[in-house]
Amino acid sequence: MSGIYRADLLAGKNAFLAGATSGINLAIARRFAELGAKVFIISRSQDKIDAAVAALGGDAAGQVADVRDYEAVENAVAACEAAHGPIDIVVSGAAGNFLAPAAELSSKGFRTVIDIDLVGSFNVLRAAYPHLRRPGAAALTISALQSFMPARQQVHACAAKAGIDQMMRCLALEWGPQGIRVNSIAPGPIGDTEGMARLTPTPEAQERLTATIPLRRYGESSDIADLAVYLCSEAGRNVTGALMVSDGGQTVGGSAIEMGQ
Ligand code: NAP
Ligand code: COA
């Protein structure tokens, strides 16, 4: 527990999180649960759901659903409401990524990442919409620096994340009058994740990347979990349509993202 927030800050809140069986999204689910929320998680693997639910403990529950499959997501959101009641917080963080030069990336490879990240995020927020408590619900998408900084070998992720953030702003406009807030977090490189290990597989690559970060540190998944609590709790009550960047200052000077390759 970080101790930054009051221990019962999210008591009575019901959170649905997509892609929360590992990495950043699992860290968000863990922090929400520590602060008293009931969490319901989805991902593609029953084994990963079982392990994450056991690790989260308490009232945590979960169900297999691929975010590309709207019906499966709808079923999972309905199961979440049946288990825990109306949804106060929805987090859409499932993603797929790999390094591939644009000239070597197949159309299917490009579409796969768009389907998981962008269409999947729409599916999660759209399916959750009828179940959201209003006024008062908060929705959060998980973006990346690729949303606004072009990056080599990342045409698919850059396009998908830019789409997510513009979608987030549109939903903030349309759903704001009902008291539903919609925001996005763009994490910089997060050291304690497999996603990061995939993009910077060698110590040399990691060293080169660290040298481009003003704070000279990789972020940690707990940095993003604490920011998610801010955005999804009463603390963020007047914040909607915002893209919150947590990157150690990597993009503050406008330098290109380098994955260390
Ligand atoms: P991760 O550990 O690879 O976790 C990805 C999660 O999404 C897993 O729970 C995975 O579980 C699930 N998932 C993948 N495809 C799915 C699908 N089609 N349907 C449902 N669930 C799916 O990822 P991470 O590195 O923590 O990244 C989490 C988020 O942060 C992503 O949106 C990523 O783009 C963003 N981000 C990460 C970094 C970083 O440095 N790690 C930096 C910037 C942004 P299953 O395999 O069981 O489906
Ligand atoms: N380079 C180029 N193309 C690649 C690739 C790579 N490293 N990995 C996958 N692709 C292409 C495949 O070749 C395929 O296209 P093709 O049939 O034209 O060759 C297409 O992407 C779909 O691949 P497939 O493996 O069938 O997709 P999937 O749905 O099983 O898996 C991925 C999706 C590829 C994104 C997979 O990496 C994944 O499941 N990732 C989830 C975890 C993750 O990436 N986390 C990081 C979050 S930032």
Side-chain angles (χ1 to χ4, degrees), residues 13-26 28-29 32 37-54 56 59-98 106-134 137-143 156-157 159-175 178 180-184 195 228 232:
K13 301 290 184 189
N14 171 16
F16 179 92
L17 302 102
T21 53
S22 64
I24 293 171
N25 307 312
L26 176 57
I28 296 173
F32 284 179
K38 292 177 182 162
V39 298
F40 191 104
I41 60 173
I42 63 168
S43 86
R44 295 166 301 176
S45 150
Q46 186 66 55
D47 287 351
K48 287 173 74 173
I49 295 271
D50 292 343
V53 165
L56 289 164
D59 297 311
Q63 186 167 310
V64 167
D66 189 316
V67 294
R68 292 169 284 192
D69 178 347
Y70 187 75
E71 205 178 315
V73 177
E74 255 189 332
N75 289 339
V77 174
C80 173
E81 178 160 22
H84 296 155
I87 296 172
D88 300 284
I89 300 171
V90 55
V91 177
S92 177
N97 201 5
F98 47 79
S106 70
S107 174
K108 186 178 163 200
F110 183 84
R111 191 182 308 115
T112 297
V113 172
I114 298 288
D115 277 347
I116 300 171
D117 294 24
L118 177 55
V119 181
S121 291
F122 178 78
N123 287 348
V124 170
L125 269 53
R126 174 66 186 85
Y129 174 77
H131 304 274
L132 293 178
R133 194 189 303 278
R134 59 199 80 192
L140 181 65
T141 51
I142 304 299
S143 181
H156 42 313
K161 295 298 193 182
I164 287 177
D165 289 333
Q166 196 65 327
M167 176 192 75
M168 172 275 293
R169 295 182 189 99
C170 292
L171 297 182
L173 270 179
E174 290 197 26
W175 296 355
Q178 298 161 52
I180 300 170
R181 297 185 296 107
V182 191
N183 292 293
S184 193
C232 297

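Remark: C80 SG to Q63 CD distance equals 9.5 Å, nearest 0.5 Å. Within the model, atoms CD1 of I89 and CG of L140 stand 9.0 Å from one another, a figure rounded to the nearest 0.5 Å. Annotation: the span from R68 atom CZ to D117 atom CG amounts to 10.0 Å, rounded to 0.5 Å. Note: M167 CE to S143 OG = 10.0 Å, rounded to the nearest 0.5 Å. Here CG of N14 is found 10.0 Å from CG of L132. Values are rounded to the nearest 0.5 Å. A distance of 10.0 Å separates NZ in K161 from CG in L118, rounded to the nearest 0.5 Å.
A donor-acceptor pair shorter than 3.5 Å cannot be found between the side chains of E174 and Y129. Looking at N75 and E71, their side chains never bring a donor and an acceptor atom within 3.5 Å of each other.
V119 has its side chain out of reach of Y70: every pair of non-hydrogen atoms, C-beta onward, lies at least 4.5 Å apart. Side chains of P86 and E81 form a contact here, defined as non-hydrogen atoms less than 4.5 Å apart. At a threshold of 4.5 Å between non-hydrogen side-chain atoms, the residues V90 and V77 do not count as touching. Put simply, the side chain of T141 does not reach to within 4.5 Å of the side chain of L171, judged on heavy atoms. Two residues are said to be in side-chain contact when any heavy atoms from C-beta on lie closer than 4.5 Å; V182 and L173 fail this criterion. Contact of the W175 side chain with the R134 side chain is not registered, since no non-hydrogen atoms from C-beta on lie closer than 4.5 Å.
Counting non-hydrogen atoms of other residues, nucleotides and ligands closer than 6.0 Å to CZ of F122 gives a total of 12 or fewer.
Test D66, L26, V64, T21 against S43 for side-chain contact (heavy atoms from CB on, under 4.5 Å) and you get one pass: T21.
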I41 and L56: side-chain contact (heavy atoms from CB on, under 4.5 Å), yes or no, with the steps?
CA-CA 10 Å; I41 60 173; L56 289 164; 4.2 Å; yes
Report the C-alpha distance between V67 and V124 in whole Å, list the side-chain angles of each, state the deciding distance to 0.1 Å, and finish with yes or no for side-chain contact (heavy atoms from CB on, under 4.5 Å).
CA-CA 7 Å; V67 294; V124 170; 3.7 Å; yes
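A pairwise comparison of heavy atoms in A78 and H131 identifies CA-CE1, 4.1 Å as the closest pair. The shortest non-hydrogen separation linking G96 to V113 is O-CG1, 3.5 Å. Here the closest non-hydrogen pair linking V73 and A127 is CG1-CB, 3.9 Å. Counting all heavy atoms, side chain and backbone alike, I42 lies closest to A65 at CD1-CB, 4.0 Å. Across F98 and G109, no two heavy atoms sit closer than the pair CZ-O, 4.0 Å. Across all non-hydrogen atoms, the minimal contact from V53 to G62 is CG2-N, 3.8 Å.
In this structure, H84 and F40 have perpendicular ring planes: the angle between them is above 60°, well past the 30° mark.
A donor-acceptor pair under 3.5 Å is absent between the side-chain atoms of S92 and the main chain of A18, judged by distance alone.
Remark: D88 engages R133 in a salt bridge, criterion side-chain N to carboxylate O under 4.0 Å.
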